[in-house]
A.B. asks: 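Before we start, here is the structure in question, set down as structure tokens.
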Amino acid sequence: MAADTAASSSSSSSSSASADPAAAAASSLLSQSNFLSAWSESQLGKDPERALNSCFLGLLLPSLVLEVLGRVGKQESSNSDSSKAGSGKQLEKQIRDGQTLRRKYLAVFWLFKMADWLQGPYLYDVYASKMINGKAIGEGMISKLFLSGFCTTALLGPSVGQAVDKGGRRAGSLAYAFLYSLAALSTRASSLPMLFAGRFCGGVASSLLAAAPEAWLVSEYNRLGLPSSWLRDTFGVAFLGDFLTAILAGQFAAAVAKRWGPQAPFLASAGLLAGGAAVAAVTWNENVASAGDDSASAAAETGAASSAKDDDKSGIWRNVQEGLKLIWSDKHITSLVVVQALFEGSMYNFVMQWPPAMVAAMKGQDVPFGKVFSCLMASCMLGSSLFKRAPSSIAPEHFATGLLSAASLAMAQATRSCSSLSKLLACFCLFEACVGAYFPTMGTLRSKYVPDSHRGIITSLSQVPMNLIVVGVMLGGKRLGLRGSLGCSAAALSMACLAQALLCIPVMDKSKSQVAQWQQS
């Protein structure tokens, strides 16, 4: 999916305070933008690359400081968490098992994600260089190729999620590596059927990447009985490294493409996918969805009508129905699915809109897209570091509400500030910082609320409306224009914030009851 959206962006460019720390940070940053606007606008206008390099360092250094502080406080937090986990030999075993599991997961996850990032920047260039029947592929056909990938993910995502739950999470991860390698190798073809077949493989692979590795990790943590705080920390490390690999992949892709052409990053991506698959095959044990011992799974089955028609339904459709019933009957899962669809749909739309937005704001100047991309990824790293350093007293539900508030505020301000380069860049960096905090936060919430028996299918079902949002904005892009497309993202983020606020209500009620019990005692 990163490849589709990053390549689509290349196509576009060629044509309460403690509970909501992210929201408070957003208000602080945007309130200072007027003060810094004149200086920033002048610097970006005179020497944009130098100004963007300074911006990159200014975003990267706080992430490094937070990581150093995290190392200093790690021993104390580990001791605190470990005291809850157990004592003596049991504690030593849990620590050893947790460290081993984290190493196994991160090695595969980072290899897969770097392979994904490598394919993004040059996919459009590869398609644009193709000659079919002596003619170059036009913009319309390239758009159809990209749309076919999104549509494949939307249509086949639920079936893929069911296959991951029933067939195994390791098998799903290996299938991702195989299919995404085929998608990478298809870029060497010079026929439209092969190119569309590659986008089909890429669309299925995107669903597998979203569902399989995370489900495997959560299932293993539950099987080993490790503390939930360790899982949250693992998600934070994983996505912090993900954004770092994005920066490295962008630099590496540029180097190999310059030397061997735009198809070279895809061959390198296939090598990384093979390496990730080999590590997973050797170090990961297989796990499948639990046999329905979760209470939520049982609740999903109680609503099934015992009619003759049910006997004729395929296993895939039955599992999809159970996933839909879970989403409908459990308000926590409903909120999570709505938030995921709206936020990630807005995010992928943003990826397609920021290049033309920068082109318009720089008014005829050459846009250093690589420098801007590095600043955005450094912002993601900062957001992921903030998630890791967030006080444990802040529930992830409240943290998510804060970051969604900040994201909607940033996108709304970006919609209003399309003509101001400094304000636009500040808003984009703030939004990407929210993206960096979003993924580990949502991983933590899914591990808390989504039952293991339907983890893959629910994750895949949430991708259906997300891809429909992306496709809808892409098809209506000419009518909406730049400001209208960014406005759609701002509106979707606002709705996601409202959906997330509903998820906070049970947490607030629980906190109030705990305070009441403490006062009575």
Side-chain angles (χ1 to χ4, degrees), residues 1-11 112-113 115-120 122-130 132 137-164 167 171-213 262-263 265-267 269-270 272-274 276-277 314 316-317 320 344-345 348 351-352 456-457 459-472 474-475:
M1 183 62 72
D4 281 346
T5 52
S8 298
S9 67
S10 298
S11 170
F112 282 174
K113 291 295 289 185
D116 190 24
W117 286 114
L118 273 177
Q119 294 193 29
Y122 292 94
L123 188 57
Y124 176 82
D125 289 343
V126 168
Y127 287 154
S129 67
K130 296 296 180 182
I132 307 296
I137 296 180
E139 292 283 343
M141 185 58 65
I142 294 175
S143 298
K144 291 178 182 178
L145 285 166
F146 288 132
L147 282 172
S148 66
F150 286 112
C151 291
T152 299
T153 304
L155 294 174
L156 298 183
S159 300
V160 171
Q162 189 270 347
V164 166
S173 299
L174 297 178
Y176 160 76
F178 175 71
L179 290 173
Y180 213 43
S181 295
L182 292 181
L185 296 176
S186 72
T187 59
R188 300 184 63 84
S190 296
S191 67
L192 280 177
M194 289 298 294
L195 294 177
F196 275 104
R199 296 321 310 139
F200 173 83
C201 292
V204 176
S206 295
S207 295
L208 288 168
L209 180 61
Q263 293 182 357
F266 295 87
L267 299 179
S269 174
L272 290 172
L273 290 166
S314 66
I316 293 177
W317 178 239
V320 170
E344 295 184 19
Y348 289 125
V351 171
M352 292 183 289
I457 186 66
T459 300
S460 297
L461 283 171
S462 66
Q463 288 194 309
V464 175
M466 180 268 287
N467 281 279
L468 292 177
I469 292 172
V470 175
V471 171
M474 286 183 68
L475 293 175

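Note that this is a predicted model, so its numbers are computed, not measured. Nothing fancy with the numbering, it's 1 onward along the sequence.
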A.B. asks: Between T187 and L195, is the side chain to side chain contact (heavy atoms under 4.5 Å, CB included) condition met? List the steps.
C.D. replies: CA-CA 7 Å; T187 59; L195 294 177; 5.7 Å; no

A.B. asks: Side chains of R199 and L123: closer than 4.5 Å at any heavy-atom pair?
C.D. replies: yes

A.B. asks: More than 12 non-hydrogen atoms from neighbouring residues, nucleotides or ligands closer than 6.0 Å to CZ on F196, yes or no?
C.D. replies: yes

A.B. asks: Working to the nearest 0.5 angstrom, can you tell me the gap between L174 CG and L179 CG?
C.D. replies: 11.0 Å

A.B. asks: Grab the two heavy atoms, one from P158 and one from L461, that are nearest each other, plus how far apart they are.
C.D. replies: CG-CD2, 3.6 Å

A.B. asks: Can you check side chain to side chain contact (heavy atoms under 4.5 Å, CB included) on I469 and E344, steps first, answer last?
C.D. replies: CA-CA 9 Å; I469 292 172; E344 295 184 19; over 6 Å; no

A.B. asks: I'd like to know if the side chain of K130 reaches the main chain of L192, judged simply by a donor and an acceptor atom lying under 3.5 Å from each other, with no hydrogens or angles considered.
C.D. replies: no

A.B. asks: Taking all non-hydrogen atoms of both residues, which atom of G157 and which atom of S460 are closest, and how far apart?
C.D. replies: O-CB, 2.8 Å

A.B. asks: Any chance you could measure Y180, atom OH, to L272, atom CG, to the nearest 0.5 Å?
C.D. replies: 12.0 Å

A.B. asks: Looking at every non-hydrogen atom in both residues, tell me the closest pair between N467 and A154 and how far apart they are.
C.D. replies: CB-CB, 3.6 Å

A.B. asks: Identify the two heavy atoms, one from T459 and one from A211, that lie closest to each other, and give their separation to 0.1 Å.
C.D. replies: CG2-CA, 4.3 Å

A.B. asks: Minimum heavy-atom separation for V164 and G172, please, with both atom names.
C.D. replies: CG2-CA, 4.4 Å

A.B. asks: Of the options P262, S186, P265, which is the one that meets V126 in a side-chain contact (heavy atoms from CB on, under 4.5 Å)?
C.D. replies: P262

A.B. asks: Just verifying a value: how many Å separate Y127 OH and L145 CG, rounded to the nearest 0.5 Å?
C.D. replies: 5.5 Å

A.B. asks: Please evaluate residues M352 and V470 with respect to the criterion side chain to side chain contact (heavy atoms under 4.5 Å, CB included), reporting the C-alpha separation (whole Å), side-chain torsions for both, the decisive distance (0.1 Å), and the verdict.
C.D. replies: CA-CA 9 Å; M352 292 183 289; V470 175; 3.6 Å; yes

A.B. asks: Among residues at least two apart in sequence or on other chains, which ones pass ring pair (Phe, Tyr, Trp, His ring centres under 6.0 Å) with F266?
C.D. replies: none

A.B. asks: Rounded to the nearest 0.5 Å, what's the gap from CG on L208 to SG on C201? Could you check?
C.D. replies: 10.5 Å

A.B. asks: Just wondering, do V160 and I457 contact through their side chains at under 4.5 Å, heavy atoms?
C.D. replies: no

A.B. asks: Would you say the side chain of T153 lies within less than 4.5 Å of the side chain of M466, judging by non-hydrogen atoms?
C.D. replies: no

A.B. asks: Answer yes or no: is there a side-chain heavy-atom contact under 4.5 Å between Y176 and L273?
C.D. replies: yes

A.B. asks: Can you name the residues that form a side-chain hydrogen bond (donor to acceptor under 3.5 Å, both in side chains) with S269, not counting sequence neighbours?
C.D. replies: Q119

A.B. asks: Are the side chains of F200 and L156 in touch, meaning some heavy atoms are under 4.5 Å apart?
C.D. replies: yes

A.B. asks: I want to check something: taking the side chain as every heavy atom from C-beta on, are Q463 and S207 in contact at a cut-off of under 4.5 Å?
C.D. replies: yes

